[in-house]
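Have a look at the structure below, then the notes.
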Amino acid sequence: MSDKLFQKPKGTADLLPAVQAIWDKINRAAQEIFGRRYRFGRIDTPLFENYEIFARTSGDSSDVVSKEMYDFYDKGNRHLALRPEGTAGVVRAYVENKLYGPEYEKPVNLYYLESMFRYERPQAGRTREFHQLGVESFGSDSPFLDAQIIQMAIDFFQEFNLDNFIVKINSLGDEESRTNYRSALVDYLKQFEDRLSNDSKNRLKSNPLRILDSKDPKDQELLIDAPKILDYLNQESKDRFKKVTKALDDFDISYEIDNKLVRGLDYYNNTIFEIETRDPKLKSSATVCGGGRYSGMVEEFGGPETPAIGFGIGLERLITLVGQIEDQDHNDVYIVQTDKSVNEFANLLAKRLREKFHFGVLLDYTDRSMKSQLKSADRTKSRYSIVIGEEEVKNKKVTIKKMADGSQKKILLDKLTIGDFS
RNA sequence: GCGGUACUGGUGAAGUUGGUUAACACACCGGUUUGUGGUACCGGCACGCGCGGGUUCGAGUCCCACGUACCGCCCCA
């Protein structure tokens with residue numbers, strides 16, 4: 001085996017300087033759209049939480065909990081887990097910090113940008129550590145908010161000029177509707193139990209709704225005549241869903257009602273949605289955003305009954321769609337030294353230029369040839385170089401060279417102003 | 001967790017049916033008469049072919065195990 005001690009853990013990535021420009025842009029876009037336009041406040045929660053926080057909310061039968069969790073015991077024998085998704089931690093923080101209190105404006109709107117961890121086989125658009133940008137809104141059950149939240153995600157994608165996607169939406173209904181539907185679905189599928197795939201057989205007991213998005217072609221065939229969830233919504237849930245889709249229509253959002261959409265986590269009810277890209281770069285990982293309504297979770301953590309809705313955007317997936325953006329960063333001044341006798345002078349000059357003009361300043365510390373130093377000035381996209389030699393040191397002058405056209409001028413050090421560099 | 005493909009220098013890679021000195025290009029460093037860049041020319045740059053074993057007189061080239069990456073399944077962001 002190779003020297004695995006010196007390799008990064010499987011499914012992780014180093015984000016080198018060359019790749020940071022896009023992350024900066026994501027941060028700025030989140031701040032601008034979620035923070036400024038929608039007035040969501042940023043929240044950061046711990047990288048790890050008590051195991052139960054995720055296990056209970058996501059559901060024991062979910063893949064995330066049953067096989068993808070990075071859990072461990074600390075020295076105090078506490079069972080902890082690296083967060084596999086963002087919602088549970090935010091809800092925990094909402095309750096623990098009593099953000100439901102009267103001093104906070106309702107709904108309480110939060111967004112986060114954090115890394116998540118899932119023990120999975122890496123492939124395109126899927127790594128073990130990945131980043132999610134998500135929002136959560138607590139305290140409103142309005143269907144108009146559902147539409148607003150979906151619009152938020154779209155706004156974000158548009159900031160990156162992405163529009164080759166489809167919004168898929170479905171409603172799981174309220175508790176009552178969901179219970180009714182579940183038993184109707186189980187009754188229907190029971191008669192074909194021996195023809196179902198193994199996964200689906202297990203889910204028949206643990207989580208029958210998940211059978212709906214089975215990829216097994218035989219399962220799919222059996223599902224054609226299965227009861228449809230939208231037929232089982234009670235009047236209230238039905239009306240609610242209609243209001244959501246009406247609002248989406250009013251927003252000119254094109255969407256697709258997908259009555260087989262269920263999502264992998266257990267905590268959803270009423271509106272659920274996904275945004276899928278059609279870009280072939282992410283074939284089996286086309287979901288770039290997923291979310292929906294969840295009620296009951298705040299109570300589960302000991303808070304008051306609170307309706308909530310949120311979504312998460314997979315940032316690595318977003319980035320593979322956007323591609324890398326060019327780093328436009330320029331350096332201001334590169335100090336070129338004719339030989340090592342002027343090192344001291346040059347070194348001091350660098351300090352003064354940063355101090356006085358707040359310039360970006362670079363200089364060579366390896367006594368390379370002038371030619372090499374000028375090459376470096378080029379490569380670092382320096383706007384100016386300052387040549388320092390014996391003559392300059394003796395006369396307390398600097399030779400300023402404008403890189404773009406090669407023009408030079410000599411100026412007394414004491415007379416140097418910022419205007420000499422514009 | 002299951003299946004497939006790949007793995008040669010800083011990078012892209014060539015390496016024929018296993019047989020001396022690992023091609024070529026880019027990048028980098030240096031030089032082309034001594035204080036000036038992005039061009040041109042010249043020179044330098046893998047004691048090693050993911051890691052560990054094995055087969056063989058001999059392996060980058062064959063076999064096995066492991067690691068990682070990529071693709072597919074499952075599932076998701």
Side-chain angles (χ1 to χ4, degrees), chain A residues 1-13 58 61-68 83-87 113-134 153 197-200 202-203 207 210 213-217 219 261-265 274-277 281-291 310-321 334-339 341-342 366 368-382 384-393 399-408:
Chain A
M1 70 187 88
S2 69
D3 235 332
K4 58 184 174 186
L5 269 180
F6 302 118
Q7 287 180 239
K8 62 186 175 326
K10 185 175 188 152
T12 61
S58 294
S61 67
S62 68
D63 285 51
V64 166
V65 172
S66 59
K67 61 179 198 186
E68 295 171 359
R83 60 172 171 245
E85 57 92 30
T87 301
L113 169 25
E114 296 180 321
S115 47
M116 308 290 160
F117 302 83
R118 261 123 96 155
Y119 191 86
E120 290 189 284
R121 203 64 184 272
Q123 54 180 276
R126 173 179 303 157
T127 49
R128 291 183 169 184
E129 178 183 16
F130 62 101
H131 295 78
Q132 231 174 304
L133 171 63
S197 66
N198 286 334
D199 272 350
S200 294
N202 292 331
R203 284 179 184 146
N207 194 345
R210 284 282 305 289
D213 72 348
S214 167
K215 301 296 187 299
D216 189 294
D219 286 354
L261 182 65
V262 290
R263 318 237 345 107
L265 306 173
E274 287 185 357
I275 299 179
E276 272 182 29
T277 177
K281 273 182 276 193
L282 286 174
K283 272 177 281 187
S284 64
S285 305
T287 306
V288 290
C289 173
F311 66 72
I313 291 173
L315 295 178
E316 277 77 1
R317 289 180 185 181
L318 172 79
I319 288 172
T320 74
L321 296 179
Y334 194 105
I335 300 176
V336 175
Q337 306 157 76
T338 56
D339 64 87
S341 69
V342 302
T366 55
R368 293 186 305 154
S369 68
M370 256 184 102
K371 174 173 176 159
S372 305
Q373 294 179 64
L374 278 157
K375 245 182 178 174
S376 291
D378 247 350
R379 264 214 302 201
T380 54
K381 295 186 216 150
S382 299
Y384 287 87
S385 58
I386 292 184
V387 180
I388 301 297
E390 278 178 53
E391 187 200 327
E392 283 84 353
V393 172
T399 300
I400 300 175
K401 179 188 181 90
K402 188 171 187 176
M403 294 304 283
D405 57 21
S407 62
Q408 298 193 173

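Here the structure is a predicted model, which is why all the values come from computation and not from measurement. Below, chains carry the letters A, B, ... as their sequence lines are ordered, and counting in each starts from 1.
- Side chain to side chain, Asp339(A) and Ser341(A) meet the donor-acceptor criterion of an N or O pair below 3.5 Å.
- Thr127(A) OG1 to Arg317(A) CZ: the interatomic distance, rounded to the nearest 0.5 Å, is 8.5 Å.
- Distance Lys67(A) NZ to C73(B) P: 13 Å, rounded to the nearest Å.
- When the P atom of A77(B) is taken as reference, atom CG of Leu261(A) falls 10 Å away, rounded to whole Å.
- A salt bridge is absent between Lys371(A) and Asp378(A); no separation between the charged side-chain nitrogens and carboxylate oxygens falls under 4.0 Å.
- Comparing C71(B), A69(B), C29(B) by their closest approach to the side chain of Ala124(A) singles out C71(B).
- Residue Gln7(A) places no side-chain atom within donor-acceptor reach of the base of A69(B), judged by atom type and a 3.5 Å distance cut-off alone.
- Between Gln123(A) and the phosphate of A69(B), there is no side-chain N or O to OP1/OP2 separation shorter than 4.0 Å.
- Between Gln132(A) and Gly312(A), the shortest heavy-atom contact is NE2-CA, 3.5 Å.
- Residue Arg121(A) is classed as a base contact, given a heavy-atom separation below 4.0 Å to a base.
- Under 3.5 Å, the side chains of Ser407(A) and Asp405(A) contain a donor-acceptor pair of N or O atoms.
- In this structure, Arg128(A) places its CZ atom 18 Å from P of A77(B), rounding to the nearest Å.
- Here the side chain of Arg379(A) is nearest to one of G72(B), C29(B), A77(B), namely C29(B).
- RNA chain B forms stems at B:1-7 with B:67-73, B:10-12 with B:24-26, B:28-32 with B:40-44, B:52-54 with B:62-64, each a run of 3 or more consecutive Watson-Crick or G-U wobble pairs whose two key distances fall under 3.5 Å.
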Steps toward side-chain contact (heavy atoms from CB on, under 4.5 Å) verdict (Val387(A), Met370(A)): CA-CA 9 Å; Val387(A) 180; Met370(A) 256 184 102; 3.9 Å; yes

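- Residue Asn202(A) holds its CG atom at 11.5 Å from CG of Asn207(A), rounded to the nearest 0.5 Å.
- As judged by a 4.0 angstrom heavy-atom cut-off over every strand, Gly291(A) is placed among residues making no nucleic acid contact.
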Nucleic acid footprint by protein, nucleotides 33-44 of chain B - heavy-atom cut-off 4.0 Å, B for base, S for sugar-phosphate alone: --BBBB-B----

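- Distance noted for atom C1' between C51(B) and A6(B): 15 Å (whole Å).
- Taking only side-chain nitrogens and oxygens, Ser372(A) comes nearer than 4.0 Å to OP1 or OP2 of G30(B).
- Atom CD of Glu390(A) sits in a sparse spot, with 12 or fewer heavy atoms from other residues, nucleotides or ligands closer than 6.0 Å.
- Nucleic acid contact for Gly86(A): none, since no nucleic acid atom lies under 4.0 Å from a heavy atom of the residue.
- A donor-acceptor contact under 3.5 Å links the side chain of Arg126(A) to the base of C75(B).
- Among the atoms of the strands shown, none is found under 4.0 Å from any heavy atom of Glu316(A).
- Ranking C75(B), U68(B), G30(B) by closeness to the Lys10(A) side chain, first place goes to U68(B).
- For Asp199(A) and C75(B), the CG to P distance is 6 Å, given to the nearest whole Å.
- To the nearest 0.5 angstrom, Ile275(A) atom CD1 is 11.0 Å from Leu318(A) atom CG.
- For C41(B) and U5(B), the P atoms lie 44 Å apart once the distance is rounded to whole Å.
- When the C1' atom of G50(B) is taken as reference, atom NZ of Lys8(A) falls 13 Å away, rounded to whole Å.
- Atom-to-atom, CZ of Arg83(A) to P of A77(B) comes out at 15 Å; the value is rounded to the nearest Å.
- Spacing between U56(B) and G67(B) at atom P, rounded to whole Å, works out to 28 Å.
- Rounded to whole angstrom, the span from the CG atom of Asp63(A) across to the C1' atom of C2(B) amounts to 14 Å.
- Using a 4.0 Å heavy-atom cutoff across all strands shown, Asp213(A) reaches sugar-phosphate atoms only and no base atom.
- Residues Gly389(A) and Val342(A) approach most closely at C-CG1, 3.7 Å, considering heavy atoms.
- Contact check on Arg203(A) versus Asp213(A) returns no salt bridge, with no Lys/Arg side-chain nitrogen under 4.0 Å from an Asp/Glu carboxylate oxygen.
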